[in-house]
Amino acid sequence: KQRTVYVRNGMDENTTFHAVNRELACAALDQHDGNYARKKVNAQAYCAAYVIGKRYGAEVSGFQFGKVAEMQANGQKDPQELRGFLNDVRQAAYTIRNHMERNFGEQEQTFSKDDFSFEEPPKQAPKKEKKEKLSGDGPYILYQADGSTRVINVNKKGRITDKTYATLPKDFSFRVTDHEGRYPFDVKLHPLKRPEWQYTRPEKVFVMSDPHGRLDCVISLLQGNGVINDNYQWNFGSNHLVIIGDVFDRGKDVLQIFWLFYKLEDEAAKAGGHVSFLLGNHEALVLSNDLRYTKDKYKLLAEKLGVEYPSLFGTNTELGRWLATRNTMQIIGTDLYVHAGLGKLFYDKDLNIPTVNEEMNRALFMSKKERKALSPLTDFLYGNDGPIWYRGLVRKDPKYKPLAQDSLQMMLDRYMIKHIFVGHTIFKDISTFYNGKVIAVNVDNKENRKKKRGRAVLIDNGVYYVVGDDGVQRKL
């Protein structure tokens, strides 16, 4: 008698493939001894269909093995019974594999459901995509070729104001708020100057990292430690604030944080203090038009303006010119600050810090391809072993090329320092490595603010402290 598999109309290709294989497996497990019962081989056939599906690259995410595991007592059955079950699966799969070219009839048959029936996934209505909206942002200040200045703002309701000044008014200033209209502060444009690469350490140095567009977290930290006052003004005297890179991406207040540091830099200078924002890998990413971590609101703004997002920070913009003067490496007293880290390959190049800073700035607004073509040194500095990407000071997995203890000491000796501060790699709290010689300050700022964990380091008269949003927490 001819044995035929009947296929129900209307099933998709994937479901048909698995269902037919299950039927073939049932047939393969019929020993023709009069003892065959479909119920006895359903589970084995189901598993065999999965094996065939995996072998031939079919989608198998719909298989559920809870019932199979239950029937096998979750692996607690007699080992001989389990081996027999697995042998049945293997035998059925082997038989099907050797008969994949069999022709199937196209007649219809009514199927009754059982514990191992294949069901087409229920059709779901397509999810409505959440439409990204503009929110408070700006101003973007662009200097035009004809000498005019274009100022672009977005209010908290997403309304764009795009104004061009033939000449900026004297003492031009503007108000900045976060994306919801909070934390208002006024900014005046000021002359731009590259910070020194080396400073004497003042009484206090405050070190933070990776603010990533979260102005509320920045304000909370700086106010809680007396770096700024209630009006968001410099309150740190002749002391030094260091931010180890990465304002771009992830949050909704990128521009506002840049303007805050821009403003504080000028206020600090007038008080005899300093603000040092160092370049991070996310500055390098965004300015090369790599927007993989950028919030959609920024892409939407660029689309509405008919420009590419990085052009809003180009060399013809106020903040672009400011970023072009930022250092990548800097020394304050006996501490070196760099976004990610320095490895053996960096050491072997015997680079002085001013050269690194100048070379990084030279390629800051270039694409990845252009950076690579500019020079082998630029390609290295912007690569995985360069100072804005290298993780080997805080990660020990071989793929990160961790720096040996003696090599670290050689690095410290070359630059005449005692510690290296890094951000980039995120940790649960402020962390140290190499017996305290490497200090990692990147944490989840939102989470640590909420849970009152460490968020920055304060150096006070040579003593190193972990600080949170309410001040000093412990000695480092």
### Task
Please name the pair of heavy atoms, one in A93 and one in A48, separated by the smallest distance, quoted to 0.1 Å.
N-CB, 4.0 Å
### Expected output: side-chain Y46 to main-chain Q64 donor-acceptor under 3.5 Å
yes
### Task
Could you name each residue pair satisfying salt bridge (charged side-chain N to carboxylate O under 4.0 Å, His left out) that touches residues 358-368, not counting sequence neighbours?
E359-R362
### Task
May I ask you to decide if R453's main-chain N or O and N448's side chain share a donor-acceptor pair within less than 3.5 Å?
no
### Message
For V205 and Y337: C-alpha separation, side-chain torsions, deciding distance, then whether side chain to side chain contact (heavy atoms under 4.5 Å, CB included) applies.
### Response
CA-CA 12 Å; V205 179; Y337 300 85; 3.7 Å; yes
### Least distance between heavy atoms, K54 atom then V60 atom
CD-CG2, 3.6 Å
### Task
Can you see which heavy atom on P211 is nearest to which on G245, and at what distance?
CD-O, 3.6 Å
### Message
I need the full list of side chain to side chain donor-acceptor pair (under 3.5 Å) pairs touching residues 384-401, with sequence neighbours left out, sorted by first then second residue.
### Response
D385-K401, R391-H424, R391-T425, K396-Y434
## Note on the structure
What one should report as the nearest heavy-atom pair of S288 and S367 is CB-CA, 4.0 Å
### Query
Does one side chain, of Y464 or D335, offer a donor that lies under 3.5 Å from an acceptor on the other?
yes
### Message
Which label fits Y140 and F313: parallel for a plane angle under 30°, tilted from 30 to 60°, or perpendicular past 60°?
### Response
perpendicular
### Query
Is it the case that Q473 and K452 place a side-chain donor and acceptor less than 3.5 Å from each other?
no
### Query
Any salt bridge (charged side-chain N to carboxylate O under 4.0 Å, His left out) pairs touching residues 405-418, not counting sequence neighbours?
D350-R414
### Task
Give a yes-or-no answer on whether the side chains of R194 and N361 include a donor-acceptor pair shorter than 3.5 Å.
yes
## Note on the structure
dist R455:CZ -> L221:CG (nearest 0.5 Å) comes out at 4.5 Å
### Task
Please tell me if the side chains of D210 and H339 come closer than 4.5 Å, counting only heavy atoms from C-beta onward.
yes
### Query
Using 4.0 Å as the upper bound for N to carboxylate O, is an ion pair formed by K188 and D171?
no
### Task
Could you tell me whether a side-chain N or O of R371 sits under 3.5 Å from a main-chain N or O of T378, the two making a donor and an acceptor?
no
### Query
Only one of F63, Y50, Y56 forms a ring pair (Phe, Tyr, Trp, His ring centres under 6.0 Å) with H18, so which one is it?
F63
### Query
Which of these, N316, T317, T164, sits in a side-chain contact (heavy atoms from CB on, under 4.5 Å) with R150?
T164
### Query
Is the closest side-chain heavy-atom distance between D178 and D216 below 4.5 Å?
no
### Query
Given side chains that start at C-beta, do those of I244 and V422 come closer than 4.5 Å, heavy atoms only?
no
### Query
Are any of the side-chain heavy atoms of L255 and V176 separated by less than 4.5 Å?
no
### Query
Run the salt bridge (charged side-chain N to carboxylate O under 4.0 Å, His left out) check on R474 and D429 step by step: do they pass?
CA-CA 12 Å; R474 65 183 187 275; D429 206 332; 3.6 Å; yes
### Query
Would you find more than 12 non-hydrogen atoms of other residues, nucleotides or ligands less than 6.0 Å from E308 atom CD?
no
### Message
Is the shortest side-chain heavy-atom distance between H179 and K297 below 4.5 Å?
### Response
yes
### Task
Answer with yes or no whether the side chains of D146 and S148 bring together a donor and an acceptor at under 3.5 Å.
yes
### Query
Would you find a donor on one side and an acceptor on the other, under 3.5 Å apart, between the side chain of Q256 and the backbone of G136?
yes
### Message
Tell me whether the count of non-hydrogen atoms from other residues, nucleotides or ligands lying under 6.0 Å of NZ in K299 goes above 12.
### Response
yes
Could you list the donor-acceptor pairs under 3.5 angstrom formed by side chains in residues 228-243, with sequence neighbours left out?
residue, atom, partner, partner atom, Å
N229, OD1, N231, N, 2.8
N229, OD1, Y232, N, 3.1
N229, OD1, Q233, N, 3.0
N229, ND2, Q233, OE1, 3.2
W234, NE1, G237, O, 2.9
N235, ND2, G226, O, 3.4
N239, OD1, K204, N, 2.9
N239, ND2, F236, O, 3.0
H240, NE2, S276, OG, 2.7

### Task
Report yes or no: does R321 contribute a side-chain atom to a donor-acceptor pair with the main-chain N or O of T315 at less than 3.5 Å?
yes
### Message
According to ring pair (Phe, Tyr, Trp, His ring centres under 6.0 Å), who are the partners of F433, at least two apart in sequence or on a separate chain?
### Response
F427
### Message
Side chains of D469 and S220 only: does a donor on one sit below 3.5 Å from an acceptor on the other?
### Response
yes
### Task
Would you check if the side chain of D379 reaches a backbone N or O of L374 as a donor-acceptor pair within less than 3.5 Å?
no
### Query
With a 4.5 Å limit on heavy-atom distance, are the side chains of V254 and T294 in contact?
no
### L408 CG to K437 NZ distance, which is reported to the nearest 0.5 Å
6.5 Å
#### Entry: E265 vs R326, salt bridge (charged side-chain N to carboxylate O under 4.0 Å, His left out): CA-CA, chis, key distance, verdict
CA-CA 12 Å; E265 177 184 59; R326 299 305 94 186; 2.7 Å; yes
### Message
Using a 3.5 Å distance criterion without hydrogens, assess whether the side chain of E283 forms a donor-acceptor pair with backbone atoms of D246.
### Response
yes
### Task
Determine yes or no for a side-chain-to-main-chain donor-acceptor pair under 3.5 angstrom, with D444 supplying the side chain and E447 the backbone.
yes
### Task
Go through the steps to decide whether V51 and R97 satisfy the test side chain to side chain contact (heavy atoms under 4.5 Å, CB included), and finish with yes or no.
CA-CA 10 Å; V51 171; R97 190 189 70 180; over 6 Å; no
### Query
Is a side-chain N or O of E59 found less than 3.5 angstrom from the main chain of S61, in a donor-acceptor match?
yes
### Query
Of the non-hydrogen atoms in A302 and Y309, which two are nearest, and what is the gap between them?
CB-N, 3.6 Å
### Message
For F277 and F258, take the angle between the two ring planes, folded into 0 to 90°, and tell me which bin it lands in: parallel under 30, tilted 30 to 60, perpendicular over 60.
### Response
perpendicular
### Task
Decide yes or no on side chain to side chain contact (heavy atoms under 4.5 Å, CB included) for K304 and L134, but give the supporting numbers first.
CA-CA 10 Å; K304 286 182 177 292; L134 296 180; 3.8 Å; yes
### Task
Take L412 and I420 through the side chain to side chain contact (heavy atoms under 4.5 Å, CB included) test and state the conclusion after the steps.
CA-CA 8 Å; L412 300 178; I420 298 176; 3.9 Å; yes
### Query
Do V187 and Y262 come within less than 4.5 Å of each other through their side chains, counting heavy atoms only?
yes
### Reference residue I353; test side-chain contact (heavy atoms from CB on, under 4.5 Å); the match among T328, N327, V338, L336
L336
### Heavy-atom closest pair, residues V467 and V472
CG1-CA, 3.8 Å
### Task
Only counting residues at least two apart or in another chain, list the ones meeting ring pair (Phe, Tyr, Trp, His ring centres under 6.0 Å) with F174.
F172, W259
### Message
So V247 and F261, do their side chains get closer than 4.5 Å, heavy atoms only?
### Response
yes
#### Entry: Aromatic ring proximity, centroids under 6.0 angstrom, H212 and Y293
no
